[in-house]
Amino acid sequence: MKFPASADSKAPTKLDRLKAGFPGDRVFYDKWRAAQKAKRMERLLKAFTRKPQESTVKYGILKEGWKNNCPKPADVLAAWKPATKLVIETDEDLRRNVSQQTWKGLAIKDFGGEKGLGVVATQPFSKGDIVCDYHGKVITYAQGRVMMQLLQDEAGYLFFFRTGQRHLCIDAQTFPCECHPCADTVGRRLKHSSEQANLCPEPFVLKVNGQDVDVILFRALRNISVDTELKFDYGVKRKSFRGEGQDLQWLDE
């Protein structure tokens with residue numbers, strides 16, 4: 001209470017401690033430093049929704065202006081864990097990536113033939129990283145079903161999901177989208193794989209441009225190396241179509 005230990009507070013000098021009635025040894029001083037270092041570690045860990053490189057952590061410490069009593073970058077990397085729902089939904093970088101579609105480390109690639117366009121990693125991703133979103137207009141489940149019936153075989157970019165008690169759909173079929181009329185978005189180009197999926201979709205609510213928006217973010221299921229194609233499980237198999245999709249072998253791959 002006498003000398004609050006925050007990530008940015010200045011350590012009390014020996015004279016300060018003596019004037020406040022503390023003993024002249026370092027017992028309380030060392031405890032204060034340990035408390036501050038823990039808070040600095042917490043701040044650094046919250047800054048990364050993707051597992052950072054050591055150089056990135058060093059730059060983060062330099063940007064904070066901390067000259068001493070800092071966590072070691074190696075210790076930060078060892079302590080890093082996938083971001084929690086609360087951290088993700090309040091992260092400014094993620095909001096900006098969703099709003100502006102500025103996801104890094106991804107490229108749309110033309111695989112040719114029937115496979116067409118897909119997405120590959122241009123940088124490594126670690127298990128638990130948020131990689132990108134499934135971008136489009138959020139509509140109701142009922143509206144999505146009507147679109148699917150009208151489009152039939154062409155309805156390849158409708159993402160149905162449930163969040164809480166609400167059933168919704170993201171319409172990435174309408175392309176280009178209203179908010180990014182000049183750009184393709186990586187999420188809609190992700191391919192399906194039930195056996196080799198390396199991404200998992202999760203629903204979140206982010207405040208984008210001042211409004212709460214339902215979004216689907218893709219989290220890495222495992223470590224992903226450069227040039228790896230990114231895929232997720234659409235949740236359907238050949239047997240899902242009452243026998244009509246038995247010739248679509250790629251659904252079960």
Side-chain angles (χ1 to χ4, degrees), residues 45-52 56 80-108 117-141 144 156-180 183-194 196-225 228-236:
L45 290 173
K46 285 184 176 180
F48 305 113
T49 53
R50 294 179 177 181
K51 189 171 184 178
T56 307
W80 184 88
K81 294 180 180 180
T84 63
K85 184 179 181 68
L86 176 62
V87 170
I88 289 172
E89 293 189 333
T90 57
D91 185 83
E92 290 297 332
D93 288 336
L94 283 179
R95 292 176 183 175
R96 182 165 52 254
N97 287 337
V98 171
S99 175
Q100 302 178 10
Q101 289 299 289
T102 50
W103 298 102
K104 296 180 180 179
L106 305 170
I108 296 176
L117 299 178
V119 182
V120 296
T122 60
Q123 72 173 44
F125 291 97
S126 298
K127 181 180 179 180
D129 283 351
I130 297 298
V131 177
C132 66
D133 70 328
Y134 194 88
H135 191 73
K137 183 179 180 179
V138 180
I139 58 179
T140 65
Y141 176 87
Y157 299 100
L158 298 175
F159 191 109
F160 292 90
F161 67 102
R162 184 176 69 180
T163 175
Q165 300 300 314
R166 296 178 299 143
H167 293 259
L168 301 171
C169 175
I170 294 180
D171 171 22
Q173 178 74 36
T174 305
F175 175 78
C177 64
E178 298 174 354
C179 46
H180 300 90
D184 202 347
T185 55
V186 289
R188 70 191 298 273
R189 295 300 181 183
L190 295 171
K191 295 298 185 185
H192 161 82
S193 178
S194 60
Q196 301 175 7
N198 47 24
L199 299 179
C200 178
E202 298 181 22
F204 294 92
V205 177
L206 303 183
K207 191 171 289 294
V208 179
N209 298 326
Q211 295 183 336
D212 287 341
V213 178
D214 289 286
V215 299
I216 292 293
L217 298 178
F218 289 99
R219 195 190 290 269
L221 288 172
R222 60 182 67 90
N223 293 339
I224 299 173
S225 57
T228 300
E229 185 179 5
L230 302 176
K231 302 177 181 181
F232 75 102
D233 188 350
Y234 289 3
V236 295

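Below, each value reflects all heavy atoms present in this structure, side chains not excepted, and no hydrogens, waters or symmetry copies.
Side-chain contact between Phe125 and Leu106 is present, with at least one heavy-atom pair separated by less than 4.5 Å. Side-chain atoms of His192 and Lys231, non-hydrogen and from C-beta on, never get closer than 4.5 Å to each other. Cys200 places none of its side-chain heavy atoms less than 4.5 Å from the side chain of Phe232. A heavy-atom distance below 4.5 Å is found between the side chains of Leu199 and Val131. Using a 4.5 Å heavy-atom threshold, the side chains of Ser193 and Tyr234 count as separate. Looking only at side-chain heavy atoms (C-beta outward), Val186 and Ile108 come within less than 4.5 Å of each other. Using a 4.5 Å heavy-atom cutoff, the side chains of Leu94 and Val98 are not in contact.
The two atoms that bring Pro203 and Thr163 nearest to each other are CB-CB, 4.3 Å, heavy atoms only. Nearest approach of Asp133 to Trp103, heavy atoms of both residues: OD1-NE1, 2.9 Å. Gly187 approaches Cys132 most closely through the heavy-atom pair CA-SG, 4.4 Å. Annotation for Asp171 and Gln173: closest pair OD1-N, 2.9 Å, computed over non-hydrogen atoms. Across all non-hydrogen atoms, the minimal contact from Leu230 to Asn198 is CA-OD1, 3.5 Å. When every heavy atom of Gly144 is checked against every heavy atom of Cys169, the shortest pair comes out as CA-SG, 4.1 Å.
Judged by distance alone, the side chain of Tyr134 and the main-chain N or O of Tyr157 form a donor-acceptor pair under 3.5 Å. At least one donor-acceptor pair closer than 3.5 Å links the side chain of Lys191 to the backbone N or O of Leu117.
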Leu168 vs Phe159, side chain to side chain contact (heavy atoms under 4.5 Å, CB included): CA-CA, chis, key distance, verdict:
CA-CA 8 Å; Leu168 301 171; Phe159 191 109; over 6 Å; no
With side chain to side chain donor-acceptor pair (under 3.5 Å) as the test, would you mind laying out the steps for Asn97 and Thr102 before giving the verdict?
CA-CA 5 Å; Asn97 287 337; Thr102 50; 2.9 Å; yes
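With sequence neighbours left out, the side chain to side chain contact (heavy atoms under 4.5 Å, CB included) criterion links Lys127 to Asn223. Residues satisfying the salt bridge (charged side-chain N to carboxylate O under 4.0 Å, His left out) test with Arg50, not counting sequence neighbours, are none.
For Asp91 and Arg95, the salt-bridge test fails: no basic side-chain N is under 4.0 Å from an acidic carboxylate O. Between Lys85 and Glu89, at least one side-chain nitrogen of the basic residue sits less than 4.0 Å from a carboxylate oxygen of the acidic one, meeting the salt-bridge criterion.
A distance of 11.0 Å separates OG1 of Thr90 from CZ of Phe204, quoted to the nearest 0.5 Å. Interatomic distance, Thr228 OG1 to Gln196 CD, rounded to the nearest 0.5 Å: 11.0 Å.
Ring orientation note: the planes of His167 and Tyr141 are nearly perpendicular, at an angle over 60° on the 30°/60° scale.
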Side-chain donor-acceptor pairs under 3.5 Å in residues 210-222, sequence neighbours left out?
unit_1 : atom_1 : unit_2 : atom_2 : d
Asp212 : OD1    : Lys207 : NZ     : 3.0
Asp214 : OD1    : Arg166 : NH2    : 2.8
Asp214 : OD2    : Arg166 : NH1    : 3.0
Arg219 : NE     : Glu202 : OE2    : 2.9
Arg219 : NH1    : Ala83  : O      : 3.4
Arg219 : NH1    : Gly128 : O      : 3.1
Arg219 : NH2    : Ala83  : O      : 3.3
Arg222 : NH1    : Ala197 : O      : 2.7
Arg222 : NH2    : Ala197 : O      : 3.3

